[in-house]
Asks: 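Here it is, the structure, as structure tokens.
Numbers here are sequence positions counted from 1.
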Amino acid sequence: MSTGTTADATGEGAAIPELVIISGMSGAGRSTAAKCLEDLGWFVVDNLPPALIPTMVDLGARSQGNVARIAVVVDVRGRRFFDNLRESLADLAAKKVKRRVIFLEASDDALVRRFESVRRPHPLQGSGRIVDGIAAERDLLRELRGDADLVIDTSSLNVHELRAKMDAQFAGEEEPELRATVMSFGYKYGLPVDADLVVDCRFLPNPHWVPELRPFTGLNEEVSGYVFNQPGAKEFLDRYTELLQLIAAGYRREGKRYVTIAVGCTGGKHRSVAMSEKLAHRLASEGVETVVVHRDMGRE
């Protein structure tokens with residue numbers, strides 16, 4: 001990734017470090033994400049007050065290239081958090097610092113289990129219950145989550161799977177302009193909370209009701225052929241691909257580098273899987289680095 005330059009105290013040009021801000025729900029994996037970046041060579045600062053982020057970037061710019069990539073883990077403990085963070089982000093934007101916000105998310109049930117397993121209170125629960133602290137934190141983080149460049153839902157991820165996701169995003173020496181995750185899912189298991197775009201394939205006939213196709217998945221050629229021989233299937237793929245091209249161009253202009261496209265059907269086994277595979281192939285042919293995830297395949 002290219003970086004800008006700024007003038008140091010001597011007036012000479014200095015490279016502005018690449019900046020990643022890691023935040024999200026307590027118990028969702030912020031420390032694991034930070035450790036992953038540290039292992040990849042990033043300079044990681046944990047629990048840095050948001051007001052000090054611009055100062056950290058300035059120090060990195062004066063390090064003569066020794067600190068080229070900085071990851072900052074920010075934690076919410078009080079309501080002044082967002083006032084300070086907004087001011088810091090505005091300061092960074094004025095200095096043309098390229099930054100990304102990574103938000104770690106998890107379901108209430110998953111977070112409660114994690115806090116109970118380590119027998120620790122939630123930092124915001126006070127004299128209430130763990131769920132009260134989770135609700136308070138979700139409310140405080142709502143705005144930041146909406147502005148995040150990448151949201152990772154860790155509800156069903158273990159430590160190794162989260163590290164794999166972070167590696168996939170940051171391990172490469174040169175990042176592509178846009179990376180996409182195409183995720184098939186079943187509506188009966190709930191919407192993916194980290195989806196940027198949601199596509200509904202339930203308008204197509206369900207192979208589940210074809211006895212010879214029911215045991216297979218959308219990865220099977222016969223199932224895929226059945227899905228795309230239905231009226232409207234190929235036209236939908238063509239038109240939605242065109243729409244994604246328009247959206248991708250806008251994302252690039254806005255500096256958004258990651259997008260998760262959720263493709264749903266009833267059970268997440270046939271139609272959504274077949275459509276996700278074709279859609280991912282189309283995106284890859286357009287130069288978008290694409291990963292396919294079949295969230296619910298095999299759950300039934």
Side-chain angles (χ1 to χ4, degrees), residues 105-107 109-110 113 150-165 167-169 176 178-248 258-300:
E105 170 73 283
S107 68
D109 289 343
R113 286 196 303 270
L150 175 64
V151 177
I152 300 177
D153 178 17
T154 68
S155 301
S156 59
L157 300 181
N158 59 36
V159 171
H160 304 293
E161 291 168 332
L162 175 55
R163 289 184 65 91
K165 277 184 172 287
D167 284 340
Q169 299 295 344
L178 184 66
R179 285 177 172 171
T181 297
V182 180
M183 177 189 299
S184 69
F185 74 96
Y187 276 93
K188 70 180 182 180
Y189 300 114
L191 288 169
V193 299
D194 53 346
D196 297 294
L197 304 168
V198 178
V199 183
D200 188 352
C201 290
R202 291 175 295 180
F203 70 95
L204 297 170
N206 192 349
H208 175 81
W209 303 114
V210 181
E212 59 268 28
L213 297 180
R214 182 179 300 176
F216 301 106
T217 72
L219 298 178
N220 178 271
E221 290 186 6
E222 292 184 2
V223 173
S224 181
Y226 174 87
V227 170
F228 284 97
N229 281 330
Q230 301 303 318
K234 293 179 181 177
E235 183 181 5
F236 175 81
L237 178 63
D238 291 341
R239 293 194 177 185
Y240 193 68
T241 300
E242 292 177 0
L243 178 61
L244 287 178
Q245 292 171 349
L246 177 65
I247 294 172
Y258 313 101
V259 59
T260 298
I261 305 161
V263 182
C265 64
T266 303
K269 179 180 178 180
H270 296 114
R271 294 165 291 180
S272 62
V273 172
M275 187 65 71
S276 293
E277 290 289 329
K278 293 288 188 182
L279 185 58
H281 180 75
R282 292 283 186 93
L283 289 174
S285 69
E286 296 291 333
V288 177
E289 186 171 330
T290 308
V291 175
V292 185
V293 177
H294 299 303
R295 191 192 74 173
D296 298 324
M297 192 172 66
R299 288 188 65 171
E300 63 178 33

Asks: Could you check whether any side-chain N or O of S107 sits under 3.5 Å from a backbone N or O of A110, counting only pairs where one atom can act as donor and the other as acceptor?
Replies: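 It does hold such a pair.
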
Asks: Are the side chains of N220 and Y226 in contact, using a 4.5 Å heavy-atom criterion?
Replies: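 No, too far: nothing below the 4.5 Å cut-off.
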
Asks: Side chains of L157 and I152: closer than 4.5 Å at any heavy-atom pair?
Replies: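 L157 reaches I152 side chain to side chain.
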
Asks: Once ring-ring contact (aromatic ring centres under 6.0 Å, His included) is applied, what residue pairs with a partner in residues 263-300 remain, sequence neighbours excluded?
Replies: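 Matches after skipping sequence neighbours: none remain.
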
Asks: Taking CZ in R214 as the centre, count heavy atoms belonging to other residues, nucleotides or ligands within less than 6.0 Å. Is the count above 12?
Replies: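 Yes - once you tally the heavy atoms of other residues, nucleotides and ligands closer than 6.0 Å, there are more than 12.
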
Asks: Mind checking the CZ-OG spacing from R295 to S272? Nearest 0.5 Å is all I need.
Replies: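 OG of S272 is found 9.5 Å from CZ of R295.
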
Asks: For the CG atom of L244 and the CG atom of L279, what is their distance to the nearest 0.5 Å?
Replies: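 If we round to the nearest 0.5 Å, L244:CG and L279:CG are 5.5 Å apart.
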
Asks: Would you say that more than 12 heavy atoms from the other residues, nucleotides or ligands in this model lie under 6.0 Å from the NZ of K234, or not?
Replies: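 Check fails, neighbour count at 12 or below.
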
Asks: Could you tell me whether the side chain of Q230 and the main chain of V227 form a donor-acceptor pair under 3.5 Å?
Replies: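 Here the side-chain-to-backbone pair does not exist.
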
Asks: Measure the NZ-OG distance between K278 and S224 for me, rounded to the nearest 0.5 Å.
Replies: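 Spacing of NZ (K278) from OG (S224) equals 4.5 Å.
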
Asks: With distance as the sole criterion, is a donor-acceptor pair present between the side chains of D153 and S155 under 3.5 Å?
Replies: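 Yes, side-chain donor-acceptor contact under 3.5 Å.
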
Asks: Between C265 and N206, is a side chain to side chain contact (heavy atoms under 4.5 Å, CB included) present by the stated rule, with each step listed?
Replies: CA-CA 9 Å; C265 64; N206 192 349; over 6 Å; no

Asks: Please enumerate all residues that pass salt bridge (Lys or Arg N to Asp or Glu O under 4.0 Å) together with R299, with sequence neighbours excluded.
Replies: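 Scan of R299 (salt bridge (Lys or Arg N to Asp or Glu O under 4.0 Å), adjacent residues dropped) gives D296.
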
Asks: Quick check for you: to the nearest 0.5 Å, what is the distance between R271 atom CZ and T266 atom OG1?
Replies: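 Answer for the CZ-OG1 pair, R271 versus T266, is 4.5 Å.
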
Asks: Quiz question: by atom type and distance under 3.5 Å, do the side chains of T290 and R282 form a donor-acceptor pair?
Replies: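 The criterion, which ignores hydrogens and geometry beyond distance, is not satisfied for R282 and T290.
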
Asks: How about E212: does its CD atom have over 12 heavy atoms from other parts shown lying under 6.0 Å from it?
Replies: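 Yes, CD of E212 has more than 12 neighbouring heavy atoms, counting only those of other groups under 6.0 Å.
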
Asks: Quick one: does Q169's side chain have a donor or acceptor within less than 3.5 Å of a partner on K165's backbone?
Replies: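 No; judged by distance alone, with no hydrogens or angles, the pair does not exist.
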
Asks: Roughly how far apart are L197 CG and I247 CD1, rounded to 0.5 Å?
Replies: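 Going from the CG atom of L197 to the CD1 atom of I247 covers 5.0 Å.
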
Asks: Calculate, to the nearest 0.5 Å, the distance between atoms CZ and NZ belonging to F216 and K269 respectively.
Replies: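 Separation between the atoms: 9.5 Å.
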
Asks: Does the side chain of R179 come within less than 4.5 Å of L150's, by heavy atoms?
Replies: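 No, side chains not in contact.
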
Asks: For F203, check ring-ring contact (aromatic ring centres under 6.0 Å, His included) against everything at least two apart and list the hits.
Replies: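 Applying ring-ring contact (aromatic ring centres under 6.0 Å, His included) to F203 gives F236.
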
